[in-house]
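Counting starts at 1 for both ligands and their atoms, in listed order.
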Amino acid sequence: MATTTHILGYPRIGEKRELKFAQEKYWRGEINQAELKHVGATLRDKNWNIQSEAGLSFTTAGDFAWYDHVLATTLLLGHVPKRHATGFPDLDTLFTVGRGQSKADCGCSGAAASDMTKWFNTNYHYIVPEFSKDDTFEVSWPQLFEEVNEAVKAGHSVKPVLLGPLSYLYLGKEVEEGFDRLALLPRLLAAYQAILAKLASQGVEWVQIDEPILSLELEDKWADAFKLAYQVIRCDIKVLLTTYFDSVSDTLDKIVGLSVDGLHVDLSAAPEQLEEVVEKLPDDWVLSAGVVNGRNVWRSDLSEQLLRLQPVKERLGDKLWIATSCSLLHSPVDLDLEPALSEEVRSWFAFAKQKVSEVALLGRALDGDKNAILACDTYSQPIKDRKTATHVNKPQVQSRLNSISASLAQRSAPYLERAVHQAEVLDLPLLPTTTIGSFPQTGEIRVQRNAFRNGQLSEADYKQALKGHIADAVKRQEALDLDVLVHGEAERNDMVEYFAENLDGFQTTKFGWVQSYGSRCVKPAIVVADIEREKPITVEWSTYAQSLTRKKMKGMLTGPVTILCWTFPREDISRKQIAQQLALALRDEVTDLQSAGINIIQIDEPAIREGLPLKKRDHDEYLKWAVDAFKISAAGARSETQIHTHMCYSEFNEIIDSVAALDADVITIETSRSNMELLKAFEDFNYPNEIGPGVYDIHSPNIPTEAWIESLIKKAAEKIPPQRLWVNPDCGLKTRNWAETEAALSNLVSATKKLRAELDL
Ligand code: GLN
Ligand code: ZN
């Protein structure tokens, strides 16, 4: 029998983000539900055909999801939060849980969306299941079963995927005090029994049950709960238990005692686990080897994989399956849509569609078709060519990297001394007011950028237009009487892509989109070579802005760790090395800004926490090089140059000492949504430098009142001495419009002035 091949899931967004556009049209009322569903069915059909035409043994169904697959599981289980439960759950219920419902929509008092959080250490966000003591589960939303039928009818050999019961529980949160959501497991399992029975009646032979939490350092009570759970849901269907994103080294001994029929492990994120897993695998199980990386864009070294897997094949025979490491949800869709890439660069990549072929090819090669790999054009070239190319590995970058010493990361003086110098040079009032960087990205800016990109607007005209937006932003900030101004980032479509486009060593794509949350997609650039800054990137914009005002203009950079976290990294060098290269390039930008007369420079690091490895024991190592990378980028600043950093979107309590270790002179941080709760960590830790806790939640369309902002600043002042306190919104304002922005900032400035007067007394 041939080697079984499959993928854990395919991107659902469509090669040109068809799903995004259809969902958004539906939300705006421009298409009806039948039309929306038709788009979904077309996408699924296409995705399934790609898998069967490539020759995979199974076609995966159930990976398609409207909005989010965890949310789809919530509906499947009939577990809709009470505030959204109005009768039998349907597609509209799903969107409401994901997006919330305003008063106008429902004619009621409105209902908040469920929380959203990051899916492990990826950039995908899922809707957090909410658990209360009396929750019940009942198979409700038939989407999964309908999809399975659809795929069976279309002639595919279907393997449905389900999020496992323990991961579903673990990834949610209690919304009621005094109970443990694990207590809901028995009720939840009854629903899973019903799901599996239904799938069995549809003729399904194998089901993929995702339990990614098995790759964590799982607490015993969770790890121990698996045994009974999988006994309870055992039925005629064979279960492939899937894990991904890290090794199962902490849970393997328990996994092998479960009532399942096979295990999938991620050999891309954790190749080292192969031997142990093969060793301990029960005799009658299959091993699904996740060797084709589902999270990056590089083509696999299939010859190398073949060598590595051949002995396993000899040992396991037909029980060895070949797969992607995780779902291809995290990978761009189709490399064939990138005609602008050079032949050479294209030969380095494989996107989702190409990865499907890689899995199939490797399966054939393992079955003895030795020529399968070499007969394929793309794979006939050894991958070593790329690794040794001199335009990839640049001696000048490497010699700079080699010269990195501890002192390169040290500012010239300790914070207290710097603060004195900065106070002299900057002459700022008590409670200085500022913003986080971006101002509204108006329709006009977007039209101009597109015209420039399409060649309809000359570079000179585009620059002129941008200068107009900068001048406008400066004028408005002066009128608001803010203390530290920004140029507004009109030239940036995205805080990372902009730097990727302007640094040497990155490749950007046209359609390399990946789902981030709901209908939102991101298009990460790809690190393809050693990174170098050929010329200053932001200096022209910042100095132009500074020339328009006597107030201080803050330069604005994206930090090395955030650029790294939000791009596809190289795999032939370490993440640490990439971060160091970025740090050196940004360091040059910092010193150039400083030489051009910019005295305040912000280096944004909103993603620093996201880069944390899944296992706690690996945290310290990451934090050490991540902090160092930031410090290297900042430490070229003279003592009197004030370095700011900015963080948002995560809880920083856990890494507060690393945040402090960045030694930024000022940190602006998102706290307004949690009502300043985050500041407690800064207080307990006795954070030594200056802090600007966000007092305006820019994600909400509501304009904060002066009184509200005042109350937040007062709260902050209880924890941080006013001498070290800044006043600012909690993130950039690019998604807001000018009317909201000016109204909110005007309240922010007047609240500050009022408090300043009180404090002066
Ligand atoms: N400077 C960026 C902005 O204002 C920061 C964005 C972010 O933190 N995500 O848009
Ligand atoms: Zn932010």
Side-chain angles (χ1 to χ4, degrees), residues 116 118 123 125 433-442 445-446 449 466 469-470 473-474 476-477 482 484-500 502 516-517 520 522-524 537-538 541-542 545 553-567 586 589-590 593 598 600-611 630 633-634 643-652 659 662 664 666-674 678 691-700 726-738 740-741 744-745 748:
M116 178 170 83
K118 277 168 65 71
N123 237 326
H125 300 73
T433 54
T434 190
T435 59
I436 305 306
S438 58
F439 274 122
Q441 285 265 331
T442 59
I445 298 178
R446 282 202 207 105
R449 182 177 307 123
L466 291 175
H469 296 300
I470 292 175
V474 170
R476 292 182 199 247
Q477 292 172 86
L482 286 157
V484 171
L485 312 194
V486 296
H487 76 286
E489 301 180 26
E491 78 285 6
R492 304 181 194 178
N493 44 340
D494 172 276
M495 65 187 290
V496 170
E497 195 179 40
Y498 180 73
F499 286 92
N502 285 284
S516 171
Y517 66 89
R520 281 283 289 267
V522 292
K523 188 156 65 65
I537 300 171
T538 64
W541 306 121
S542 290
M553 183 58 58
K554 179 163 64 166
M556 196 60 58
L557 306 175
T558 302
V561 186
T562 296
I563 297 183
L564 173 71
C565 287
W566 289 350
T567 50
L586 290 162
E589 188 72 10
V590 166
L593 280 167
I598 303 295
I600 306 183
I601 300 166
Q602 179 172 312
I603 307 173
D604 288 326
E605 285 290 21
I608 194 157
R609 207 209 114 132
E610 295 181 10
F630 176 90
S633 70
I643 296 289
H644 289 218
T645 189
H646 165 71
M647 287 176 196
C648 53
Y649 308 133
S650 1
E651 294 261 335
F652 293 98
V659 172
L662 298 177
V666 182
I667 177 168
T668 55
I669 195 155
E670 176 194 312
T671 38
S672 64
R673 259 189 294 187
S674 67
L678 182 70
I691 307 184
V695 292
Y696 161 24
D697 172 10
I698 63 96
H699 295 99
S700 155
W726 285 62
V727 178
N728 45 264
D730 64 4
C731 196
L733 291 156
K734 70 184 216 185
T735 56
R736 303 261 61 102
N737 64 37
W738 271 114
E740 293 163 333
T741 298
L745 292 180
L748 182 148

Could you check Lys734, Arg449, Arg736, Glu489 and say which one makes a side-chain hydrogen bond (donor to acceptor under 3.5 Å, both in side chains) with Gln441?
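Only match with Gln441 under side-chain hydrogen bond (donor to acceptor under 3.5 Å, both in side chains): Arg449.
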Quick one: look at Met647 and ligand 1, take heavy-atom pairs under 4.0 Å, and tell me if it's side chain, backbone, both or neither.
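The answer is neither.
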Walk me through it: do Cys731 and His646 pass the test side-chain contact (heavy atoms from CB on, under 4.5 Å)?
CA-CA 8 Å; Cys731 196; His646 165 71; 3.8 Å; yes
What atoms in ligand 1 come closer than 4.0 Å to a heavy atom of [X]?
X	value
Met556	1 (N)
Cys731	7 (C), 8 (O), 9 (N)
Gly732	3 (C), 4 (O), 10 (O)
Gly437	4 (O)

Evaluate the side-chain contact (heavy atoms from CB on, under 4.5 Å) criterion for residues Ile643 and Phe630: first the C-alpha distance (whole Å), next the side-chain angles of each, then the deciding distance (0.1 Å), finally the verdict.
CA-CA 11 Å; Ile643 296 289; Phe630 176 90; 4.3 Å; yes
Does an N or O anywhere in [X] fall below 3.5 Å from an N or O of ligand 1?
X	result
His646	yes
Lys734	no
Asp604	yes

Apex the Zn ion (ligand 2) - arms NE2 from His646 and SG from Cys731 - angle rounded to 10°:
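The NE2/SG angle about the Zn ion (ligand 2) sits at 130°.
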Return the residue, atom name and 0.1 Å-rounded distance of the protein heavy atom closest to atom 6 (C) of ligand 1.
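Of every protein heavy atom, Met495 SD, 3.4 Å lies nearest to atom 6 (C) of ligand 1.
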Protein residue, atom and distance nearest to atom 10 (O) of ligand 1, heavy-atom basis
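Residue, atom and distance for the closest contact: Ser438 OG, 2.7 Å.
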Return the [atom1] to [atom2] distance between [X] and [Y], rounded to the nearest 0.5 Å.
X	Y	atom1	atom2	value
Ile601	Thr645	CD1	OG1	12.5 Å
Trp541	Leu593	CH2	CG	13.5 Å
Thr741	Tyr696	OG1	OH	5.0 Å

State, with a plain yes or no, whether a side-chain heavy atom of Asp730 is found less than 4.5 Å away from one of Cys648.
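In short, these two side chains do not touch, never coming nearer than 4.5 Å.
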side-chain contact (heavy atoms from CB on, under 4.5 Å) evaluation trace for Arg492 with Thr538
CA-CA 10 Å; Arg492 304 181 194 178; Thr538 64; 3.5 Å; yes
